[in-house]
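All values derive from a computational prediction rather than experimental measurement.
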Amino acid sequence: MRVPAWLGSGTAGRDLMLAGLSLAGGLVLHGLGLRAGVGWYPVVPRAVFLVPLVVVCVAVGLRRVATRTGLTLGTAAIFGDLLLGGSLATSLVYTQVLYDSCVYGSTRLWRRLLRVTVVLTVVVPVVGVALLRDWRAVALGVLVALVGLLPVLTGTTVRQYRDQAAAERIRAEQTARLVEWDRRQAVGAERSRMARELHDVIANHLSAVAIHATAALSVPGLDRAQVDSALRVIRENSVQGLAEMRQMIGLLREPAGDGPGTDLAEEATRARLSEVDVLVTRARAAGLAVRDRVDGVPRPLPVAVDLAGYRIVQESLTNALKHGAGETTLEIAYRPGVVVVTVTNPVRAGRDGLAGAGAGLIGMRERAVLLDGTFAADEVDGTWRIRAELPTTEAT
């Protein structure tokens, strides 16, 4: 059975319903003639006890919209009820008022209530024994503790748990936003770097086209064979440049400014998969034992594939140095229509390596996917394995 929306949690209807139920229960206790037993009973009509009961129930209804006002009304009602001799109904409903004041009131309010109820729990029995000259007056302290201190302690505990849960939710949301921001920054930085690499790649092809076109136009008396040779070079560079631009155009973003990593663009024209021995030498100099192997016959690759393979090897060796156990295996396999890069390394025990944000894996995966290749990175039996398959068939 679904609860109506107007009776949902945190609604005014829920508060009014609670006030009504409190009044109904109080009327039942009043009809049974139950009293608090404070020791004095002025001769007043029983109906008079309904006045503080109604007032304290109104205070319950104000628990969210006007917490301080509700506490004031409830306190006035309980004192008025005590002057009449005390009724169990008003006392019980007042415990709800104290609980709600601690849960929904300000931090200063529940702290004051806690101090006041603790003081009253101690002072009331002492004063009672001093005035009545009877040790049984200590029971007054028990009543104060049950009616005042216990609901305040309960409300304070619930309030602290709710505040802690709210703080944890806020912290989790902030962490999620930061993680998403870091991810976007990492992807943006990687794509900006690839855009700079694309600039160098296209510039090489256009430079070759311009040089041969200028030679064909400026040198007089060229025979047909020389003209055909120049046009053939121009066409080959044009087709290759267009093919590589189609593969990498998805990476173009806003022009990257100066900053960390700008120097990487300067070596884009010389970053080739056939030159990974430079990376292996650097890794070994840094203390990483690298076993490298080439399967198949190395052959010229499209520039985009060369760059992607080189960067994947570079990032994999960096990860192995940061998180591995000091050794790694690099395998480059030249197969028909595809080149496969595989890097494996044992994971360092205890995982005490340098922490990473996962930007390297994002970049490697994007490089492979944008070339219509595949990328996989996983851990099996304590060994981390990265495998990338990059198609080498050129589009014409």
Practice item. Dump the intermediate steps for side chain to side chain contact (heavy atoms under 4.5 Å, CB included) on L84 and F49, then the final yes or no. Key: CA-CA 7 Å; L84 296 175; F49 286 93; 3.6 Å; yes
Point to revise | Set of residues satisfying side-chain contact (heavy atoms from CB on, under 4.5 Å) with respect to T374, sequence neighbours excluded | key: E389
Review point. Among all residues two or more places apart in sequence or in another chain, which pass the side-chain contact (heavy atoms from CB on, under 4.5 Å) test with L16?
Key: none
Residues 137-153 side chain polar contacts: donor-acceptor under 3.5 Å, at least two apart:
none

Point to revise | Non-hydrogen atoms of N319 and M364 that approach each other most closely | key: ND2-CE, 4.0 Å
Review point. Taking all non-hydrogen atoms of both residues, which atom of L71 and which atom of L98 are closest, and how far apart?
Key: CD1-CD2, 3.9 Å
Review point. T329: what forms a side-chain hydrogen bond (donor to acceptor under 3.5 Å, both in side chains) with it, not counting sequence neighbours?
Key: R291
Review point. Under 3.5 Å, is there a donor-acceptor pair between the side chain of T328 and the main chain of V290?
Key: no
Practice item. Would you mind listing every side-chain hydrogen bond (donor to acceptor under 3.5 Å, both in side chains) that reaches into residues 138-162, with sequence neighbours excluded? Key: R159-D163
**Study point:** Check: S91 and T95 side chains under 4.5 Å, non-hydrogen atoms
**Key:** no
Exercise for review: Heavy atoms only: give me the nearest S274-D306 pair and the separation to one decimal.
Suggested key: N-OD1, 4.3 Å
Check your understanding: Would you say T90's side chain and S87's backbone share a donor-acceptor pair under 3.5 angstrom?
Key -> no
Exercise for review: Kindly compute the distance separating CZ (R367) from CZ (R311), expressed to the nearest 0.5 Å.
Suggested key: 6.0 Å
Check your understanding: In this structure, which one of T342, L273, D295 forms a side-chain contact (heavy atoms from CB on, under 4.5 Å) with I332?
Key -> L273
Review point. Any chain of hydrophobic side-chain contacts (each under 4.5 Å) joining V294 to V280?
Key: yes
Exercise for review: Before giving the answer on side chain to side chain contact (heavy atoms under 4.5 Å, CB included), spell out for D81 and V51 the whole-Å C-alpha distance, their side-chain angles and the decisive distance to 0.1 Å.
Suggested key: CA-CA 9 Å; D81 186 73; V51 176; over 6 Å; no
Practice item. Kindly write out the residues that satisfy side-chain contact (heavy atoms from CB on, under 4.5 Å) with F79, not counting sequence neighbours, or none if the list is empty. Key: T75
Review point. For Y99, what residues pass the side-chain hydrogen bond (donor to acceptor under 3.5 Å, both in side chains) criterion, not counting sequence neighbours?
Key: none
Check your understanding: How long is the gap from OG1 on T175 to CD1 on I170, to the nearest 0.5 Å?
Key -> 11.5 Å
Point to revise | Steps toward side-chain hydrogen bond (donor to acceptor under 3.5 Å, both in side chains) verdict (R272, Y310) | key: CA-CA 6 Å; R272 299 292 183 264; Y310 183 92; over 6 Å; no
Revision key, fill the gap. Tightest non-hydrogen contact, residues P391 and G373, listed as CD-CA, 3.6 Å
**Study point:** S106 and R68, any side-chain heavy atoms less than 4.5 Å apart
**Key:** yes
Practice item. Can you measure from CG (L113) to CG (L120) and round to the nearest 0.5 angstrom? Key: 10.5 Å
Exercise for review: Could you check if a side-chain atom of L73 sits within less than 4.5 angstrom of a side-chain atom of V56, using non-hydrogen atoms only?
Suggested key: no
Check your understanding: Would a 4.5 Å heavy-atom cut-off, applied to side chains only, mark V343 and R385 as touching?
Key -> no
Check your understanding: Where do L88 and L32 land on the side chain to side chain contact (heavy atoms under 4.5 Å, CB included) test, with the steps shown first?
Key -> CA-CA 10 Å; L88 184 60; L32 296 176; over 6 Å; no
Review point. Could you give all pairs that pass the salt bridge (Lys or Arg N to Asp or Glu O under 4.0 Å) test and reach residues 101-123, with sequence neighbours left out?
Key: none
Review point. CD of E315 to CG of L279: how many Å apart, nearest 0.5 Å?
Key: 11.0 Å
Review point. Who passes salt bridge (charged side-chain N to carboxylate O under 4.0 Å, His left out) against E327, sequence neighbours left out?
Key: none
Check your understanding: Do the non-hydrogen side-chain atoms of R284 and D292 ever get within less than 4.5 Å of each other?
Key -> yes
**Study point:** Residue pairs fulfilling salt bridge (Lys or Arg N to Asp or Glu O under 4.0 Å) with at least one residue in residues 90-100, sequence neighbours excluded
**Key:** R63-D100
Check your understanding: If two hydrophobic side chains count as joined below 4.5 Å and joins carry through other members, does V118 share a cluster with Y94?
Key -> yes
Practice item. List the atom of C102, the atom of W110, and the distance in Å for their closest heavy-atom pair. Key: CA-CB, 3.8 Å
Review point. Are V340 and L370 grouped together when hydrophobic residues (ILVMFWY) are joined by side-chain heavy atoms under 4.5 angstrom apart?
Key: no
Check your understanding: Are T67 and L109 side-chain neighbours, meaning at least one heavy-atom pair lies under 4.5 Å?
Key -> yes
Point to revise | Exercise: identify the closest heavy-atom pair between A59 and G74 | key: CB-N, 3.8 Å
Exercise for review: Find out whether V60 and V93 are in side-chain contact, i.e. whether some heavy atom of one side chain is under 4.5 Å from a heavy atom of the other.
Suggested key: yes
Review point. Any luck finding a side-chain donor-acceptor pair between R177 and Q174 under 3.5 Å?
Key: no
Practice item. Identify, with sequence neighbours excluded, every residue that meets side-chain hydrogen bond (donor to acceptor under 3.5 Å, both in side chains) alongside R184. Key: E180
Review point. Say you draw a straight line from CG of L82 to CD1 of I78; how long is it, rounded to the nearest 0.5 Å?
Key: 5.0 Å
Review point. Among all residues two or more places apart in sequence or in another chain, which pass the side-chain hydrogen bond (donor to acceptor under 3.5 Å, both in side chains) test with D372?
Key: none
Check your understanding: Quick one: do V338 and I312 end up in the same hydrophobic cluster if we chain Ile, Leu, Val, Met, Phe, Trp and Tyr together by side-chain heavy atoms under 4.5 Å apart?
Key -> no
Review point. Which distance, rounded to the nearest 0.5 Å, do you find between the SG of C57 and the CG of L62?
Key: 11.5 Å
**Study point:** Beyond-backbone contact of V341 with R387, side-chain heavy atoms, under 4.5 angstrom
**Key:** no
